[in-house]
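Small disclaimer: the values here were computed from a predicted structure and weren't measured. In what follows, chains carry the letters A, B, and so on, assigned in the order in which the sequence lines appear, proteins first and then strands, with residues in each chain numbered from 1.
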There are 2 protein chains.
Amino acid sequence: MIIQLDMQSDVPIYTQLMNQIIEGIARGDLKLGEALPSVRGLASDIGVNLHTVNKAYNLLKQEGFIQIHRQKGVVIQPDGMPEVTPEYELKQYNQLRPIIAEAICRGMTKEQLLQNIEQVHKEIMYNGKGNA
Amino acid sequence: MIIQLDMQSDVPIYTQLMNQIIEGIARGDLKLGEALPSVRGLASDIGVNLHTVNKAYNLLKQEGFIQIHRQKGVVIQPDGMPEVTPEYELKQYNQLRPIIAEAICRGMTKEQLLQNIEQVHKEIMYNGKGNA
DNA sequence: GCATATGTTATACTACAACTATAACAGATA
DNA sequence: TATCTGTTATAGTTGTAGTATAACATATGC
């Protein structure tokens, strides 16, 4: 699992970390129960501070994607991923809305949009072997 | 055109403003060439500072959604909306990617996802009369 | 011409988020 | 006992978001 960070991006490092780990799980690159690097180890690897990694880990834990054991370290949630809850659907809705609005503004057809979604979906699912 | 702001949101006010104006254009609520309130007027209406509105307007201008005339004020770009450029497609791709990855993680099927997209699309398009 | 409304620019300030830098603590393991 | 783990505390820097005033430049209406 290789982490790619863009230090010039306006997306915070801890958010990039969260996204990459979630995508890693989605593509099956990270299996359920699999261990993640320690906060110090990962921080040192990617050249950021311990607290930046810690923040990403704690947010992922809070959302149910990982477990943090006091001394064993961090593992991908072994009991399965968080469900599609109403709260999550609302979050997704609010994320999608401005994106779709801009697409409509620019004259992108619904079919083009759906095709783009399918394309991204395929890229995530079939670069690994799909989700566990 | 009613602006709804969430002061508690972690989304910056100027971003919320941009999103709402873009969505207003998408639903046809704001027509091409239509005038927008002055920076001072809108700022006073929604109870924020002049510079916050100014920032939103200038970013919208920079992306080609509006025109700003020195004295006439601000109008929705009359010559048509910005196109679907390669840069825009890349931006959209980077926006969609983490959203879709999380959906996959949570076990949402591609069909559910596409259905949600269509739902949002429909809500935007048919609450107004669709794009001009 | 003059007042007024427009966007623009400048300055300064507060508040907060992101990130870094150290240091120390607590618990489990070799 | 030494070491590795996550955790917590403190503090500092940097940048963004937002506010508060003030002034400037230009076009419009009376």
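When each of B:Gly73 and A:Asn49 is assigned the nucleotide of DNA chain C bearing its nearest heavy atom, the one mapping closer to the 5' terminus is B:Gly73.
For B:Arg40, taking side-chain heavy atoms from C-beta onward, the closest of the listed nucleotides D:dA17, C:dT8, D:dG6 is C:dT8. Across C:dA18, C:dT8, D:dT8, the shortest atom-to-atom separation from the side chain of A:Lys55 is found for C:dA18. Ranking D:dA17, C:dG7, C:dG27 by closeness to the B:Ser38 side chain, first place goes to C:dG7. Taking every side-chain heavy atom of B:Val48 into account, D:dT19 is the closest of C:dT20, D:dT19, D:dG6.
The side chain of B:Asn58 contributes an N or O atom lying less than 4.0 Å from OP1 or OP2 of C:dT8. Between B:Asn54 and the phosphate of C:dT8, there is a side-chain N or O to OP1/OP2 separation shorter than 4.0 Å. Within the 4.0 Å cut-off from OP1 or OP2 of D:dT19, at least one side-chain nitrogen or oxygen of B:Thr52 is found.
Checked by atom type and distance alone, the side chain of B:Gln95 never pairs as donor or acceptor with a backbone atom of A:Ile99 at under 3.5 Å. Side chain of A:Asn58 to main chain of A:Asn54: a donor-acceptor pair is present (N/O by atom type, distance under 3.5 Å, no hydrogens or angles). Side-chain N or O atoms of B:Tyr88 include one that pairs as donor or acceptor with a backbone N or O of A:Ala103 at under 3.5 Å.
Per the geometry, CG belonging to B:Leu60 stands 15 Å off C1' belonging to C:dG7, to the nearest Å. Look at CG on B:Leu59: it is 15 Å from C1' on C:dG7, rounded to the nearest Å. Atom CG in B:Leu42 sits roughly 16 Å away from atom C1' in C:dA5 (whole-Å rounding). For A:Ile46 and C:dA18, the CD1 to C1' distance is 14 Å, given to the nearest whole Å. Distance B:Met7 CE to C:dC16 C1': 16 Å, rounded to the nearest Å. Atom-to-atom, CG of B:Leu5 to C1' of D:dA17 comes out at 14 Å; the value is rounded to the nearest Å. Per the geometry, NZ belonging to A:Lys72 stands 13 Å off P belonging to D:dG6, to the nearest Å. Computed from coordinates, the A:Gln8 CD to D:dG15 P distance equals 12 Å when rounded to whole Å.
Among the heavy atoms of the strands lying under 4.0 Å from B:Tyr14 are primed sugar atoms or P, OP1, OP2 only; no base atom is included. If you check every strand for non-hydrogen atoms under 4.0 Å, A:Asp10 touches nothing. As judged by a 4.0 angstrom heavy-atom cut-off over every strand, A:His51 is placed among the base-contacting residues.
Within 6.0 Å of CD1 in A:Ile2 there are 12 or fewer heavy atoms belonging to other residues, nucleotides or ligands.
The shortest non-hydrogen separation linking A:Glu34 to A:Asp29 is OE1-O, 3.9 Å.
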